[in-house]
Amino acid sequence: MINTVENFTFFELLLVCLDVYFVWLIIYYILKLIKSNVRAVQILKGVMLIYLIDIISQIFDLYTLSALIGNIIDWGLLAVIIIFQPEIRSGLEQIGRNSTMNREKNSLAVNDIHSILANSVEFLAKRRIGALIVIERGVKLDEFITPSTIIDGEISQELLTTIFVPTTPLHDGAVMIRDGKLYCAGAYLPSTRREDINKAFGTRHRAAIGISEISDSLTLVVSEETGRYSIAYKGELKVYDRIDTFKADLEKYLG
Ligand SMILES: Nc1ncnc2c1ncn2[C@@H]1O[C@H](COP(=O)(O)OP(=O)(O)OP(=O)(O)O)[C@@H](O)[C@H]1O
């Protein structure tokens, strides 16, 4: 017998809705994880390639290849869980933390962060202290955090500027801002491979452009040589002369 909507009780309908909602929620979080992770996008391409080879091997009856791909697919799920264990853990933690209260708290801090960042950049630029500050956004940058020093502290102008003083152990590399906190220092970023970049820009600026090419992060650079400051975003580097325009762009990009 075919079940029509009229045959369902209210409670059964509610269960169906909940069922569909949970499936939607799982798919949503998986897609969000894939979209926001550099590694996930690459792995997704690999998975699609494996499935394509599987289909081809079945169409043309390539027995050995099909058996090999079958084994890879069988073990694939386990491999994905192992590879994404840190992301899965932080995703679950985030679901737990996402209460309305926390969201209100974070949005209040955002305005302060703009000022702290702009003031720090101005302070460092005036003293010709080189700096590289990455603001992580949707795309997680875990793979660049590994060799760095985790701080996970409240962001402040004092802390941020002190880190970049050349005689200190943490000044080399990039500072990363995550979820409104100063997450780590001494991170090593991938450099851009572009050859059309002004030769006056050295490795620090090339690293800022590099990370902005592969993520939606915003990277602030202070040049030790010129005392000028810039923002790298989506593969482009914009250099500023005035701190107010710098701050205005910071607010525009970060929202
Ligand atoms: N890939 C990288 N990841 C993180 N930090 C880097 C990277 N490459 C360089 N740096 C930082 O930049 C410093 C060297 O800057 P360099 O003088 O080569 O670049 P620059 O673009 O000319 O900057 P500046 O104008 O400040 O001199 C390093 O000591 C290091 O702190």
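Whatever order the structure lists ligands and atoms in, that order sets their numbers, starting from 1.
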Could you pull out every N or O of ligand 1 that sits under 3.5 Å from a protein N or O, with the distance for each pair?
unit_1   : atom_1 : unit_2 : atom_2 : d
ligand 1 : 1 (N)  : L189   : O      : 2.8
ligand 1 : 3 (N)  : L189   : N      : 2.9
ligand 1 : 18 (O) : T203   : N      : 3.4
ligand 1 : 18 (O) : T203   : OG1    : 2.6
ligand 1 : 19 (O) : T203   : N      : 3.2
ligand 1 : 19 (O) : R204   : N      : 3.1
ligand 1 : 21 (O) : G202   : N      : 2.9
ligand 1 : 21 (O) : G202   : O      : 3.3
ligand 1 : 21 (O) : R204   : N      : 3.3
ligand 1 : 21 (O) : H205   : N      : 3.1
ligand 1 : 21 (O) : H205   : ND1    : 2.6
ligand 1 : 22 (O) : G202   : N      : 3.2
ligand 1 : 25 (O) : S223   : OG     : 2.5
ligand 1 : 26 (O) : R204   : NE     : 3.1
ligand 1 : 26 (O) : R204   : NH2    : 3.2
ligand 1 : 26 (O) : E224   : N      : 2.6
ligand 1 : 27 (O) : E225   : OE2    : 3.3
ligand 1 : 29 (O) : D172   : OD1    : 2.6
ligand 1 : 31 (O) : D172   : OD1    : 2.6
ligand 1 : 31 (O) : G173   : N      : 2.9

- Query: For the residue pair Y233 and Y253, is the inter-centroid distance of their aromatic rings smaller than 6.0 Å?
  - Reply: yes
- Task: Kindly compute the distance separating CD (E136) from CG (L141), expressed to the nearest 0.5 Å.
- Result: 4.5 Å
- With F123, which residues qualify under ring-ring contact (aromatic ring centres under 6.0 Å, His included), at least two apart? none
- Item | Exercise: identify the closest heavy-atom pair between K238 and D249 | NZ-OD2, 2.8 Å
- Query: With sequence neighbours left out, which residue pairs that include part of residues 122-135 fulfil the salt bridge (Lys or Arg N to Asp or Glu O under 4.0 Å) condition?
  - Reply: E122-K126
- Those residues at least two apart in sequence (or on a different chain) that pass side-chain contact (heavy atoms from CB on, under 4.5 Å) with I56 are L52, F60
